[in-house]
Amino acid sequence: MAAIQLDRVVKRFGDFTAVDGVSVQIEPGEFFSLLGPSGCGKTTLLRMVAGFETPTEGRILFGGTDVTRQPPQRRLTAMVFQNYALFPTMTVGQNVGYGLEVQKVPKAQRTARVAKALARVDLAGLEKKPVTQLSGGQQQRVALARAIAIEPDVLLFDEPLSNLDVALREQTRRELTQLQQQLGITSVYVTHDQQEALALSDRIAVMRAGQIQQVGPPEALYRAPDTAFVAQFLGGSNLIADAALAEQLAGEAPPADRPVLAVRPEHLTLDDTSTVRAEVRARQFLGMFAELELALGGLSLRAWVDPALAIPDTIGLTATAHRWVRDA
Ligand code: ATP
């Protein structure tokens, strides 16, 4: 049975629809990400799973039980927030033990569970330290320890890495993956960062304007996007809707229901023999490759090429891989 089931969930704020009929099942132990641009409704959806918001329509089930109208404290979820949401006047141990105290867990057990949770996030022995004396990365680990200390059925993450600098974000991302593998707690993770979603998730739901556009494992979504939006959002595909140009580049006619050609920048390559001629507008050296900005039939396209290549003003182009997608 699914750990979490969302059944045609809608959330309206006044006459604005933030979540527009979302149905999806999340399996036990799965790390499931909601990925999408700012304002697409992912945080609202997460808050409904937590019980901080009530759906306008639809149902939310945990392990087959309808929890749509149940308050947050009855749902056995724990949330990790972007801004950590720690109590600044408390020690590390008091922060991690807070949820256990609310649950009236006896002191001796509490102490043991706090120590265990801190060890899990590599902060063993720091119980007595004021939480404000820790770095941002350590504070986020305290927040994570607080969440796992209550041994929730479901962990909810609301962009937990976005306040960390790049190096720390990558390190914390790796630690989070390990922790998830050890604990196996069903997790729902909200992010607008495609790399984070690709690196962490068993499956990703790509959201746009309150709806899920596509759900799948990271590699499947990356390799086989269904829509122009998913192709563009995950991996920054070039989108070519001009039928004649698309056919010329792909070397084949589009299927009737997928009229748009999606080509990733790494798959647009130079080919002197090609009849598709593009004008080079700009070239940027980016280390592993050079990014070309190309003008082609009124479109602006991006191509990644060998940075050692000398690039003339006009080049022939081939797509070494492509995908036909729906226009959405
Ligand atoms: P972000 O990454 O920016 O947080 P998001 O995808 O998580 O984006 P939400 O926070 O879920 O998006 O918001 C979706 C839409 O719903 C936004 O347009 C937002 O302004 C609106 N919204 C969210 N909460 C409320 C509220 N309490 N009242 C009115 N509108 C709201």
Side-chain angles (χ1 to χ4, degrees), residues 4-26 30-60 67-72 75 77-86 136 140 143-144 147 154-166 168-170 172-173 176 186-201 203-216 218 221 225-236 328:
I4 303 170
Q5 186 182 350
L6 305 178
D7 179 22
R8 288 164 290 172
V9 172
V10 173
K11 180 67 185 181
R12 280 190 277 273
F13 296 108
D15 50 15
F16 177 75
T17 305
V19 174
D20 190 8
V22 166
S23 292
V24 72
Q25 296 202 10
I26 299 168
E30 190 173 28
F31 197 109
F32 190 89
S33 291
L34 299 169
L35 172 69
S38 184
C40 71
K42 52 198 188 299
T43 300
T44 304
L45 197 55
L46 191 77
R47 289 173 56 78
M48 287 192 282
V49 174
F52 300 140
E53 301 277 3
T54 309
T56 315
E57 288 171 26
R59 296 185 312 155
I60 298 174
V67 298
T68 316
R69 309 276 148 196
Q70 276 187 13
R75 297 197 183 193
T77 64
M79 181 105 120
V80 181
F81 298 90
Q82 180 175 350
N83 61 1
Y84 322 144
L86 297 171
Q140 192 53 299
L144 188 57
V154 176
L155 274 173
L156 304 173
F157 295 93
D158 191 2
E159 310 231 6
L161 306 185
S162 47
N163 280 356
L164 306 177
D165 66 42
V166 177
L168 199 54
R169 199 181 310 157
E170 285 176 11
T172 314
R173 192 174 79 198
L176 208 53
T186 309
S187 301
V188 187
Y189 190 98
V190 159
T191 183
H192 63 265
D193 182 326
Q194 52 150 321
Q195 285 207 342
E196 227 169 272
L198 290 172
L200 283 166
S201 317
R203 283 190 306 151
I204 302 172
V206 181
M207 288 187 69
R208 182 196 197 186
Q211 297 184 331
I212 291 181
Q213 283 239 326
Q214 193 175 352
V215 184
L221 277 190
D226 276 340
T227 66
F229 177 79
V230 174
Q232 221 270 327
F233 196 76
L234 268 182

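In this chain, residues are counted from 1 in sequence order. Note that the structure is a prediction, hence the values are computed from the model and not measured. Just follow the structure's listing: the first ligand is 1, and inside any ligand the first atom is 1. Heavy atoms only: backbone and side chains are in, while hydrogens, waters and symmetry mates are out.
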Exercise for the section: For the pair E30 and R203, find out whether any cationic side-chain nitrogen is under 4.0 Å from an anionic carboxylate oxygen. Expected result: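 Judged by the 4.0 Å cut-off on N to carboxylate O distance, E30 and R203 do form a salt bridge.
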Exercise for the section: Please work out whether the ring planes of Y189 and F31 are parallel, tilted or perpendicular, with thresholds of 30° and 60°. Expected result: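 Judged by the thresholds at 30° and 60°, the geometry between Y189 and F31 is tilted.
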Practice task
If a pair satisfies salt bridge (charged side-chain N to carboxylate O under 4.0 Å, His left out) and one of its residues is in residues 44-56, list it, with sequence neighbours excluded.
Solution key: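 Residue pairs passing salt bridge (charged side-chain N to carboxylate O under 4.0 Å, His left out), neighbours aside: K11-E53, R47-E53.
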Problem - Qualifying salt bridge (charged side-chain N to carboxylate O under 4.0 Å, His left out) pairs with a residue from residues 12-21, counting only residues at least two apart or across chains - result: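 Every salt bridge (charged side-chain N to carboxylate O under 4.0 Å, His left out) pair that includes a residue of residues 12-21, provided the two are not neighbours, is R12-E57.
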Practice task
Return the set of residues passing side-chain contact (heavy atoms from CB on, under 4.5 Å) with A209 (not counting sequence neighbours), or none when no residue passes.
Solution key: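 Partners of A209 by the side-chain contact (heavy atoms from CB on, under 4.5 Å) criterion come out as none, since no residue qualifies.
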Handout entry: Within the 4.0 Å heavy-atom sphere of ligand 1, strictly under, residues
Key =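 Those residues closer than 4.0 Å to ligand 1 by some heavy atom are F13, F16, A18, P37, S38, G39, C40, G41, K42, T43, T44, E159.
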Practice task
Kindly check if the number of other-residue, nucleotide or ligand heavy atoms within 6.0 Å of CD (Q195) is above 12?
Solution key: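 No.
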